[in-house]
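Side chains are part of it too, since the values below use all heavy atoms of this structure and drop only hydrogens, waters and symmetry mates. The first residue of the sequence shown is numbered 1, and numbering continues consecutively from there.
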Amino acid sequence: QVQLVESGGGLVQAGGSLRLSCAASGRTFSRDRMGWFRQAPGKEREFVAGLSWSNSITYYADSVKGRFTISRDNVMNTVHLRMSSLKPEDTAVYYCAAGFIARGGAIEYDCWGQGTQVTVSS
């Protein structure tokens, strides 16, 4: 299994920035894909951004393209999410997840962190 611990959430004004971090430990070699998801009150959890440990591929939800940047530190087994130009609608609990490429090519995320709260005030 892979253990994930998020940090870096908090309260920020609209237009501000935050950087979230996700420290991975355990059988990290078994999960090539890492992602960030978020869940706002009363809404379903949604994908935000993702990457691969082994190559430079990154991908983003349309709602955060150009504002959020996902990156990795392979030495420290840490994934970061740099969030800029934050909006009140970005308010949510942000979760880090680890996954793999399942049959058919879809990414299956099966290891989750505990989440970190991000609140953007207007």
Practice item. Starting at OG1 of Thr28, measure out to CD of Gln3 and round the result to the nearest 0.5 Å. Key: 9.5 Å

Point to revise | Criterion side-chain hydrogen bond (donor to acceptor under 3.5 Å, both in side chains) on Ser54 and Asp32, from CA distance to verdict | key: CA-CA 7 Å; Ser54 57; Asp32 180 66; 2.9 Å; yes

Review point. Applying the 4.5 Å side-chain criterion to the ILVMFWY set and letting contacts propagate, would Val12 and Tyr94 be lumped into a single cluster?
Key: yes

Check your understanding: If you group Ile, Leu, Val, Met, Phe, Trp and Tyr by side-chain heavy-atom gaps below 4.5 Å, do Phe37 and Ile57 land in one group?
Key -> yes

Exercise for review: Enter the distance from Gln117:CD to Thr91:OG1 here, rounded to the nearest 0.5 Å.
Suggested key: 7.0 Å

Point to revise | Stepwise side-chain contact (heavy atoms from CB on, under 4.5 Å) check, Phe68 with Trp36 | key: CA-CA 11 Å; Phe68 291 12; Trp36 286 97; over 6 Å; no

Exercise for review: Check whether any side-chain heavy atom of Ile70 lies under 4.5 Å from a side-chain heavy atom of Met34, and answer yes or no.
Suggested key: no

Review point. Minimum heavy-atom separation for Ala102 to Glu108, with atom names?
Key: CB-OE1, 4.0 Å

Check your understanding: Counting heavy atoms not belonging to Gln13, are there more than 12 under 6.0 Å from its CD?
Key -> no

Study note, to complete from the structure: Residues Leu11 and Ser121: closest non-hydrogen pair is CD1-CB, 4.3 Å

Check your understanding: Are any side-chain N or O atoms of Glu6 and backbone N or O atoms of Cys22, one a donor and one an acceptor, separated by less than 3.5 Å?
Key -> no

Review point. Between atom CD of Glu46 and atom CD of Gln39, what is the distance when rounded to the nearest 0.5 Å?
Key: 9.5 Å

Revision key, fill the gap. Note: Val118 and Gly9 closest approach over all heavy atoms is CG2-CA, 4.2 Å

Check your understanding: Out of curiosity, does Trp112 fall in the hydrophobic cluster containing Leu20 (side-chain heavy atoms, cut-off under 4.5 Å, transitive links)?
Key -> no

Review point. When rounded to the nearest 0.5 angstrom, what is the spacing between OG1 in Thr69 and CG in Leu51?
Key: 11.5 Å

Exercise for review: Indicate, with yes or no, if Met76 and Leu81 share a hydrophobic cluster defined by side-chain heavy-atom contacts under 4.5 Å among Ile, Leu, Val, Met, Phe, Trp and Tyr.
Suggested key: no

Revision key, fill the gap. d(Asp90 CG, Arg38 CZ) to nearest 0.5 Å is 4.5 Å

Practice item. State, to 0.1 Å, how close Ala24 and Trp53 come at their nearest heavy-atom pair, and which atoms those are. Key: CB-CZ2, 4.5 Å

Check your understanding: How many angstroms lie between atom CZ of Phe47 and atom CD1 of Ile107, to the nearest 0.5 angstrom?
Key -> 7.0 Å

Study note, to complete from the structure: Nearest heavy-atom approach of Tyr95 to Gly115 is CD2-CA, 3.6 Å

Point to revise | Cationic N near anionic O, under 4.0 Å, Lys65 to Asp62 | key: yes

Exercise for review: Decide side-chain contact (heavy atoms from CB on, under 4.5 Å) for Asp110 and Arg31; before the verdict, give the C-alpha distance in whole Å, the side-chain angles of both, and the deciding distance to 0.1 Å.
Suggested key: CA-CA 9 Å; Asp110 61 346; Arg31 297 292 184 267; 2.7 Å; yes

Practice item. Give the minimum heavy-atom separation between Pro88 and Ser122, together with the two atoms involved. Key: CG-CB, 3.8 Å

